[in-house]
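The sequence lines fix the lettering, A, B, ..., with proteins before strands; numbering per chain opens at 1. Everything numeric here is computed off the predicted structure, so don't read it as measured data.
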Amino acid sequence: MWQGWEVETWDRSLREWYQRHGRALPWRKTTDPYAIWVSEIMLQQTQVKTVIPYYYRWLERFPDIPTLANSPLQLVLKQWEGLGYYARARNLHRAAQKVVEDYQGVFPDRFSDVLSLPGIGRTTAGGILSAAFNQPISILDGNVKRVLARLVGLKTPPKKAINQLWELSDRLLDRDHPREYNQALMDLGATICTPKQPSCLLCPWRDFCYAFQSNLQTQIPMREPSTPLPHKQIGVAVIWNDQGEVLIDRRLEEGLLGGLWEFPGGKIEANETIPDCIKREIKEELGISIEVGDHLITLNHAYTHFRVTLNVYHCRYLAGEPQPIECEEIRWVKPEQLSQFPFPKANTKIIDAILNQFNSIV
DNA sequence: AAGTCGTGGAC
DNA sequence: TGTCCAAGACT
């Protein structure tokens, strides 16, 4: 069915649709490759609506590549705080330094150079180069995968057909209008060809779409098999010293929430009470002894691959010199200073609870 | 090559 | 309340 149509026909109808119904997004008002790069990184696995305020604040604080490259990582992470997937911020920072080193601070315009920057894969490289320089490079993000899977009636989960999807994306690319085409295809996926209840009657490709013609649009793309999420119980310590300061630690640079600050703690073992867990973890990780006091708050938080319940207790520092055994760094800080440090979301809720108690007592 | 890596919105 | 999933990259 769909083989009978010429690619040029699809491209023309998509472009006409885009000119009427495309989204007005902040990063479409510029061709500055740096600004577009920032937007592409922030948009990875993150909704447009979430990104927009971060995007504006970022460009205000880091208006160009040298400014970003010369800023301390802690400030960079503070600007990223709340966006998640913090490796994106660390990679963006490293990549900025590489652009300064290797390209005199000018963002490269060659695909292989862009692709070699940390945090930039094939889709992001194509997105940047097509948007900033109108280069004819295809993309394959979540939107495009879904659109193409429905278009051809893909009978497997997209992950299993990634090579075919790239081929198709390449073949369909409008080489005369690559910037418009890529943006249009993503908008189509985001606003018409949505995961649930797609608006097929409004779609410029409805006549060519296998899924719509077969009424399979709610079954394609096929779902990836999902695995159950483990749930961990965590004991967390808000440790106070006699100066009215609390102890925080900076997590290791790599891995989950790398480089962010947190209140120390750890997993509750089988048949272990929460106070016992907290005392043990603090001894193991920081080498100090504490007394566990009042319960502060209990929080549930969902990550991508597991869930946690944080059981947070006020604690009193007793003895020993804190040492960064399983973290990068340790500090005693006054509660009002906590806002200066980048924390993961679950920990900002703990901070709110501390400040609320603090203010209601004082 | 399957697992890892955050958070919020939508339903 | 749970589930899906959003402009993916890296290991």
**OP:** Using a strict cut-off of less than 4.0 Å between a Lys/Arg side-chain nitrogen and an Asp/Glu carboxylate oxygen, indicate whether A:D170 and A:R122 qualify as a salt bridge.
**Re:** yes
**OP:** Take atom NE2 of A:H305 and atom P of B:dT7, then tell me their distance rounded to the nearest Å.
**Re:** 15 Å
Subject >> DNA chain B contacts made by residues 36-47 of chain A, counting heavy atoms under 4.0 Å >> reply: A:Q45, A:T46, A:Q47
Subject >> Any A:R146 side-chain N or O less than 4.0 Å from OP1/OP2 of C:dA6 >> reply: yes
Subject >> Any donor-acceptor pair under 3.5 Å from A:S169 side chain to A:I139 backbone >> reply: yes
Original post:
Is A:R280 salt-bridged to A:E284, cutoff N-O under 4.0 Å?
Top reply: yes
**OP:** Please state whether the rings of A:H21 and A:W17 are parallel, tilted or perpendicular, taking 30° and 60° as the class boundaries.
**Re:** tilted
**OP:** Give me the residues of residues 76-84 of chain A where at least one heavy atom lies under 4.0 Å from an atom of DNA chain B, by number, or none.
**Re:** A:G82, A:L83, A:G84
Original post:
Hey, do the aromatic rings of A:F343 and A:W261 have their centres closer than 6.0 Å?
Top reply: no
**OP:** Decide, yes or no, whether a salt bridge links A:D187 with A:R28 under the criterion of side-chain N to carboxylate O below 4.0 Å.
**Re:** yes
**OP:** Would you indicate what A:G142 reaches in the nucleic acid, counting non-hydrogen atoms under 4.0 angstrom: base, sugar-phosphate, or nothing?
**Re:** sugar-phosphate
Subject >> Sequence-distant partners of A:Y103, ring pair (Phe, Tyr, Trp, His ring centres under 6.0 Å), two or more places apart >> reply: none
Original post:
Donor-acceptor pair, A:T194 side chain versus A:K196 backbone, under 3.5 Å?
Top reply: yes
Can you check nucleotides 1-3 of chain C for protein contacts, nitrogen or oxygen pairs under 3.5 Å, and list what you find?
none

**OP:** For C:dT11 and B:dG6, measure between their P atoms and round to the nearest Å.
**Re:** 14 Å
Original post:
Does A:W58 have any ring pair (Phe, Tyr, Trp, His ring centres under 6.0 Å) partners at least two apart in sequence or in another chain, and if so, which?
Top reply: A:F62, A:W80
Original post:
Which one, C:dA7, B:dA10, B:dG6, comes nearest to the side chain of A:K49?
Top reply: B:dA10
**OP:** Assess A:K78 against A:F341: is NZ or CZ under 6.0 Å from the centre of the six-membered ring, and within 45 degrees of the ring's axis?
**Re:** no
Original post:
When you measure from the centre of the six-membered ring of A:Y85, is the NZ or CZ of A:R88 under 6.0 Å away and within 45° of the axis?
Top reply: no
Original post:
Looking at A:W27 versus A:Y55, is the centre-to-centre ring distance below 6.0 Å?
Top reply: yes
Subject >> Separation of the C1' atoms in B:dA2 and C:dA7, to the nearest angstrom >> reply: 23 Å
**OP:** May I ask you to list the residues of residues 174-181 of chain A, by number, that have any heavy atom positioned under 4.0 Å from an atom of DNA chain B?
**Re:** none
Original post:
Does the ring center of A:Y303 lie less than 6.0 Å from the ring center of A:H305?
Top reply: no
